[in-house]
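Working notes for the structure below.
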Protein chains: 2
Amino acid sequence: MAQPTSKEQPKYELLYHPGIPGRGEFIRLSFEASGVPYLDVAQDQEDGYSTVQQFCMNKGLESGDGNPPVFSPPALRVPGAGKDGSALVISQTPNILWYLGDRLGMLPDDEAGKYHVQQLVLTALDLNNEVHDTHHPIAVMKYYEDQKEEALKKAQDVRENRIPKYLSYFDRVRQHNEQSSGGQGKYLVGNKLTYADTTIWQILDGLFFAFSKEMAARKKEFPDLLGLFYESVKSEKGIKEYLSSKRRMPYSEGIFRHYPELDRQ
Amino acid sequence: MAQPTSKEQPKYELLYHPGIPGRGEFIRLSFEASGVPYLDVAQDQEDGYSTVQQFCMNKGLESGDGNPPVFSPPALRVPGAGKDGSALVISQTPNILWYLGDRLGMLPDDEAGKYHVQQLVLTALDLNNEVHDTHHPIAVMKYYEDQKEEALKKAQDVRENRIPKYLSYFDRVRQHNEQSSGGQGKYLVGNKLTYADTTIWQILDGLFFAFSKEMAARKKEFPDLLGLFYESVKSEKGIKEYLSSKRRMPYSEGIFRHYPELDRQ
């Protein structure tokens, strides 16, 4: 599919699994919020997923274009940005977000602010991993049904202890920024949208899907983070357009899954 | 304790738990390899751990010096490097390593190389988390003994599936670099030591401690990574001196623990 603002070949190529938001979504949101065109290879190109597999899931000594191997998707390919004019291929979600940050205008101008965005995003991605482990606490390659007993225990701990700890942290960061940068409570670092906002928004959105009862209860505890902040990011121009487009994919068998038995009872 | 090269007040302050290598060790190794002095606050200062707790484990709206809160240690404090001449406080291991990378000479000169170091380090730190979860698969705040049954299953999966997958990846990166940069098989990115080498070295060292039987068997499969590369990093000047000093702490109740029942039987 053509991107909304793309009349020429996009400069950036996202290499990720098709059909799920997953970890690719943090990168998509950065592009969509900034209005910079990108190619979502597995979604936009015929037979695109075989390109993703070739770059990110091969067992050889390079990903492609002379770059070292990638452990797993997502990866970013930037034609012309690598060694000697070849394409650059980099992987790991927070690494890709950092690379794109200044280029997409999704980081603050000051150095301290940039590092504060990144520490927040790394912390949020830790929570993302913990949420994944609620349905796969023992083995990533086995079915949920084969580790359901352990998943019930893990999910209880994540709901009761980890989610409130992270939500409290994100909300304290939000309050700190409201007081120090005049972010009006709508931004986590500085006074404009950064990829800390879009990344944490995505995780909150996934949590609302996966643990709807738990999050409904937590909303009373964190009304500004789960209300004001969440709604505000959702209504940012690029994000709003994206969420109403077909490019936004529904949650399914990815990180955020709704198993009623894992939610608050 | 005074650091070997420090005659003046060190520029960098590491805020971490005392008495364990833990995640702080990845940062210590970067300093030690480069010979740049640092203050290991909880180890070097009387009552230093209360400073760490004050900055990294408080429930308020800032860590200190006007910086946003820290989720958990390690953090780095750099007097004078923050907003308006105050101290900068940043957290998250890979974020700190990136901040220090160029400053300590622990990153390659080319941009592609820097991002390839970081993707490798982020991948290695994912393995570090998976190893932690072998003894704490259900709840980080509960005792190992209270989740031992699940730990036996988790450890089996990590040993049989995850460790070989990561080792194969690191070794393919090493081989790729040997062919493309003349790293002689001793370096993972480029032709000098980077924090990708020290970080992956630390994880291999921890694995040798935690899963000694498993790793003895894997050494036959990955002789260059677990032999040539491992020994080579260990003999780098700054690392060699550090490992024979009292500053290098033994593994104990941290990420890498040796429970014989979790090792290969």
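Model, not experiment: these values are computed from the prediction. Residue numbers start from 1 in every chain, and the chains themselves are labelled A, B, ... in the order their sequence lines are given, proteins ahead of strands.
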So, do [X] and [Y] sit near enough that their side-chain heavy atoms are less than 4.5 Å apart?
X        : Y        : value
B:Phe71  : A:Lys165 : yes
A:Lys153 : B:Glu150 : yes
A:Leu122 : B:Leu122 : yes
B:Ile138 : A:Gln156 : no
A:Gln179 : B:Leu61  : yes
A:Ser63  : B:His176 : no
A:Ile90  : B:His116 : yes
A:Gln92  : B:Asp126 : yes

What part of [X] gets closer than 4.5 Å to chain B, counting heavy atoms only: side chain, backbone, both or neither?
X        : answer
A:Arg162 : side chain
A:Asn161 : neither
A:Tyr166 : both
A:Val158 : neither
A:Asp157 : side chain

Kindly say whether [Y] contributes a backbone atom to a donor-acceptor pair with the side chain of [X] at under 3.5 angstrom?
X        : Y        : answer
B:Tyr169 : A:Pro69  : yes
A:Lys154 : B:Pro137 : yes
B:Gln118 : A:Asn95  : no
B:Lys83  : A:Ala112 : no

Top of B:Gly113, B:Pro94, B:Ala139, B:Ser91 for chain A proximity - count of heavy-atom pairs under 4.5 angstrom: B:Ser91
Salt bridge flag under 4.0 Å for residues B:Glu111 and A:Arg103: yes
Contact leader toward chain B among A:Ala155, A:Ser72, A:Gly60, A:Ser168, where contacts are heavy-atom pairs under 4.5 Å: A:Gly60
Should we count [atom1] of [X] as having more than 12 external heavy atoms under 6.0 Å?
X        : atom1 : value
A:Gln53  : CD    : yes
A:Glu149 : CD    : no
A:Lys192 : NZ    : yes

Approximate separation, where rounding is to 0.5 Å, of A:Leu76 CG and B:Gln119 CD: 10.5 Å
Per-residue contact mode, B:Val89 against chain A (heavy atom under 4.5 angstrom): backbone
